[in-house]
Amino acid sequence: MDLYDIVIAGCGLSGATSARLLAEQGYKVLVVEQKKHIGGQIYDYRNEHGITLHRYGPHIFHTKIKQVWDFVNRFSEFSNFQHHVLSFVEGNFIPFPINRQTLNLLFGENLKTKDVSVFLQQEVQKSEYNPSLPSFRDAVVSQVGARLYTLFFEKYTEKQWNCNPDTLSSELAGRIPVRDNNDCRYFSDKYQGMPVNGYTAMVNNMLAHENIHVLLGCNYESIKNQLSAKLCVYTGELDRFFDYRFGKLTYRSVKVEFKTYEQELFQPAPVVNYPNDYDYTRITEFKQMTGEKSNKTTVCYEYPSDDGLPFYTMPNQENQHLRELYMKEVKQLEMTGKYLFIGRLAEYKYYNMDLAIESAMKRIGLWLKH
Ligand code: UDP
């Protein structure tokens, strides 16, 4: 174990990015991962029908940050896939997030771009919400009104988070844009696409460096006392590191169920959201994202769940407060120069892939200067 300058706990995107950045500066890095595979939650594999599946649910790469885009492009070529989602509402497949087409289709209107904000303003005026201390519900209703909130957001959010949307943070609403034009893409970011050989291959390329060694099926906790590295980069659950000293943070999980159908195409978009019907939140048809050809198709149904692997941080005040207590401890540890906490689980932040990479870049950049 003395062979290594740095130990990284977790071989997901945050761990692999950190490993690569440090290895390129000449540090010998050991990455320990409790799963039997690399890539963490972005792990993908090709099934017997030649279709690449995301084992832990769909991941679509998108970013505004050129530095992050340049970084991932060093390890994989990317397609120019632009993600589209339809929402199954009142028996119809409607473009989502809400844009001009959504309103015209749903309400049989013929709104021009300039009319959309007036229409939405009228919807908002008919609605009740709290503008001074907004919750998720208030934030959405203040943009699109209660009628659209009820059709697209309310039940989806209840399924996803298993709570009343009034108790969720307004920041969550910031993930979903509202557009007055016909842009039906899910993301507005300048750079979007899918790694052409998959995420596992991309992470594998990140780790392919002479200074990086990966140990799979190994718990960081079980070996931490034998380690004498200069730095530990921790990417696991924040509360677990501190042995739940202040209590447990809530991480939400998803049961991902795959089904293969004897047909070329299953649904009219790569992802269809089901806000109001069924117990699942959405169905993803992978070949529509990868462009793979097969006479069968494999899709995944997502059932949000209280237990299982930690996928999501919980965007509410209670967990935010608990996070702050843990983050004080983190600050102290990081000040010693011996620890960094990076990524969605360790920082307890609802990071998209690009923001996890950005965080690793920033934090490791600072550590290298210290
Ligand atoms: N959301 C919703 N209806 C939808 C899609 C999303 O109400 O059709 C809400 C829901 O609360 C969800 C949040 O917006 O958790 C963020 O959605 P996003 O698609 O970004 O979630 P992710 O892809 O990270 O699961």
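Order of appearance sets the numbers: ligands from 1, and atoms from 1 within every ligand.
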| message | Taking the basic N atoms (NZ, or NE/NH1/NH2) and the acidic carboxylate oxygens, is any pair closer than 4.0 Å for D239 and K248? | response | no
| said: I'd like to check the side chain to side chain contact (heavy atoms under 4.5 Å, CB included) partners of A19; sequence neighbours left out, ordered by chain and number. | reply: I8, V29, V31, L207, I212
| side chain to side chain contact (heavy atoms under 4.5 Å, CB included) against K126, all qualifying residues, sequence neighbours excluded | E123, R147
| With E347, which of R363, K362, K331 fulfils salt bridge (charged side-chain N to carboxylate O under 4.0 Å, His left out)? | R363
Between ligand 1 and the protein, which N/O pairs are shorter than 3.5 Å?
unit_1: ligand 1; atom_1: 3 (N); unit_2: F152; atom_2: O; d: 3.0
unit_1: ligand 1; atom_1: 7 (O); unit_2: F153; atom_2: O; d: 3.2
unit_1: ligand 1; atom_1: 7 (O); unit_2: T157; atom_2: OG1; d: 3.0
unit_1: ligand 1; atom_1: 8 (O); unit_2: N273; atom_2: ND2; d: 2.9
unit_1: ligand 1; atom_1: 11 (O); unit_2: T157; atom_2: OG1; d: 2.8
unit_1: ligand 1; atom_1: 11 (O); unit_2: W161; atom_2: NE1; d: 3.3
unit_1: ligand 1; atom_1: 15 (O); unit_2: W161; atom_2: NE1; d: 2.9
unit_1: ligand 1; atom_1: 19 (O); unit_2: Y186; atom_2: OH; d: 2.6
unit_1: ligand 1; atom_1: 20 (O); unit_2: R175; atom_2: NE; d: 2.8
unit_1: ligand 1; atom_1: 20 (O); unit_2: R175; atom_2: NH2; d: 3.2
unit_1: ligand 1; atom_1: 21 (O); unit_2: Y350; atom_2: OH; d: 3.2
unit_1: ligand 1; atom_1: 23 (O); unit_2: R282; atom_2: NH1; d: 2.9
unit_1: ligand 1; atom_1: 24 (O); unit_2: R175; atom_2: NH2; d: 3.1
unit_1: ligand 1; atom_1: 24 (O); unit_2: Y350; atom_2: OH; d: 2.6
unit_1: ligand 1; atom_1: 25 (O); unit_2: R282; atom_2: NH2; d: 3.2
unit_1: ligand 1; atom_1: 25 (O); unit_2: Y312; atom_2: OH; d: 2.4

| said: I'd like to check the ring pair (Phe, Tyr, Trp, His ring centres under 6.0 Å) partners of Y326; sequence neighbours left out, ordered by chain and number. | reply: F242, F246
| message | Among D277, I94, I283, exactly one meets side chain to side chain contact (heavy atoms under 4.5 Å, CB included) together with F88. Which residue is that? | response | D277
